[in-house]
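Down below is the structure, laid out as structure tokens.
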Amino acid sequence: MKSIAVAAVAALAGAASARQCVNISVPVTITAQNGDFDVAAPTNDMEATNFFLDLTMPGQVYAEKIQRGMKTVSGNYSLGATYCEPDAGPSSVLQVLTHGVGADRSYWDLSYNDYNYSYVATAVDGYGFSTLAWDRLGLGASSRGDPVGEIQAPLEAAALGALTEKLRAGAVTGVCGRFDRVVHVGHSFGSVLTYALTAAAPGAGLSDGIALTGFSQDGSFFEAFALGAGFGPARDLAHLADYPAGWLASDRRGLQTAFLSRGMFDPALLALAYATQQPAAVGEMLTVSSAAAVVSRFAGPALIVTGARDIPFCGGNCLAAPANFSSIPQAALPPFLPHAKNPRAVIVPGAGHGLNLEYSHPFTYATINDYFVSNGLGPK
Ligand SMILES: *[C@@H]1O[C@H](CO)[C@@H](O)[C@H](O)[C@H]1NC(C)=O
Ligand SMILES: *[C@@H]1O[C@H](CO)[C@@H](O)[C@H](O)[C@H]1NC(C)=O
Ligand SMILES: *[C@@H]1O[C@H](CO)[C@@H](O)[C@H](O)[C@H]1NC(C)=O
Ligand SMILES: *[C@@H]1O[C@H](CO)[C@@H](O)[C@H](O)[C@H]1NC(C)=O
């Protein structure tokens, strides 16, 4: 494990407070029922394209078609994470932040433009929460794994569960003490994992409140994302050269299509997101749809925040809602989160899927943090 050095994050010019952050690694022992899929890891552009053409073909569920059965996966893994707390010391409430496809934990604390886009800066310096952002299994500083049989939604949800249990027990080295409340914020695939963890016992009891960003329960737009994101082998990008076959990354056009809405982003941020893009696993693509396709028993406050022009979860128009619903994300609430307290769906005007990268981020961040505060989950 890296030595732990508590260091003030780079000076926030003119800011009244500067959060204290530390990089840690958290060992977890986890077990999950993964899918056992009969599919080869794509080794080049053509094979990757063929995989997505199969995955998105209407009239069949490809993942079910190629599934031989279930496979128990167990292991000891290490999770790379960054814990931040206010200058004045640990908050009474911890937010656990889970990023989506294409990113790592830095999605929550972007240094771009003097940390102007940092969710963590808002949550910690602005509202007084503590935060813990982790790298999903398989990438960043977390343990690597087989991108077909191992790095799948069930194992990653188990990792989020084990991480949360340790945090609740005050058993994470580098994170001081216990918190009165632990809430979870996800983005995209990270929202799917958050939903999956809290949908059933015992995970439902591990969170006091959830905010699912870049999310809905309508799976009919996954094809638009999967075909539009321009996925090819991750190792074709120089900075991802050490990822083996089975790890995928987008081309620049695909990254924009999947994540960013017209007129809503600084072009330099697209360049940065592309240059620092993180890979996604074939096993994740095969399990993302089924992981959240269950009615949740979660009984705490639940918020969905999605950009009006989100591609993967709304097909580019969240306001094209089913009858009697105000938006596609809102339509998820009665059937899928029937026990949630004060469930709410908020649409970010004009925004695309990559909410933290867009000009609308102040609205997004205020929506999430205000929701926690107004539901009794604010820092004491
Ligand atoms: C944590 O690690 C990241 C790179 O992985 C680095 O940019 C950042 O400065 C580190 N933060 C601290 C507080 O050490
Ligand atoms: C995890 O590590 C412990 C202690 O080293 C070991 O006993 C156990 O067998 C390991 N578990 C797995 C699933 O590898
Ligand atoms: C919408 O609500 C109206 C009034 O309650 C009801 O008559 C109608 O059947 C509903 N439509 C659908 C598709 O549920
Ligand atoms: C921070 O971002 C917001 C929204 O993109 C923008 O309105 C504001 O001017 C930015 N502030 C600074 C200091 O760059």
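Indexing begins at 1, ligand by ligand and atom by atom, following the structure's order. Nothing here was measured: the structure is a model prediction, and the numbers come from that model. Nothing fancy with the numbering, it's 1 onward along the sequence.
One finds a salt bridge joining Asp180 and Lys380 here, because a Lys/Arg side-chain nitrogen approaches an Asp/Glu carboxylate oxygen to under 4.0 Å.
For ligand 3, the atoms sitting less than 4.0 Å from at least one non-hydrogen atom of Asn324 are 1 (C), 2 (O), 3 (C), 8 (C), 10 (C), 11 (N), 12 (C), 14 (O), numbered in the order shown with element in parentheses. The Ala323 neighbourhood of ligand 3 comprises atoms 13 (C), with distances under 4.0 Å to a heavy atom of that residue. Near Gly75, meaning under 4.0 Å from one of its heavy atoms, ligand 2 places the atoms 13 (C). Counting the atoms of ligand 1 from 1 in the order shown, those under 4.0 Å from a heavy atom of Cys21 are 13 (C).
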Kindly indicate, with the supporting measurements, whether the criterion salt bridge (charged side-chain N to carboxylate O under 4.0 Å, His left out) is fulfilled by Lys341 and Asp208.
CA-CA 10 Å; Lys341 193 180 135 204; Asp208 295 298; over 6 Å; no
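Side-chain polar atoms of Asn342 and Tyr371 form no donor-acceptor pair below 3.5 angstrom. In the model, Ser130 has no side-chain atom that pairs as donor or acceptor with a side-chain atom of Ser91 under 3.5 Å.
Taking a distance limit of 4.0 Å, we find that atom 3 (C) of ligand 2 is approached by some protein heavy atom. For atom 14 (O) of ligand 2, a protein heavy-atom neighbour is found at a distance under 4.0 Å. Inside a 4.0 Å radius of atom 9 (O) of ligand 3 there is not any protein heavy atom.
By the criterion of side-chain heavy atoms lying less than 4.5 angstrom apart, applied directly or through intervening Ile, Leu, Val, Met, Phe, Trp or Tyr residues, Phe259 is not grouped with Ile347; the two fall into different hydrophobic clusters.
When only interatomic distances are considered, the shortest N/O to N/O separation between Arg105 and ligand 1 does not fall below 3.5 Å.
Asn356 places a side-chain N or O within donor-acceptor distance of the main-chain N or O of Tyr107, the cut-off being under 3.5 Å.
Taking the six-membered ring for Trp and the full ring otherwise, Phe215 and Tyr195 have centroids separated by under 6.0 Å.
The nearest protein atom to atom 5 (O) of ligand 2, hydrogens excluded, is given as Asn76 ND2, 4.6 Å; this is a heavy-atom distance.
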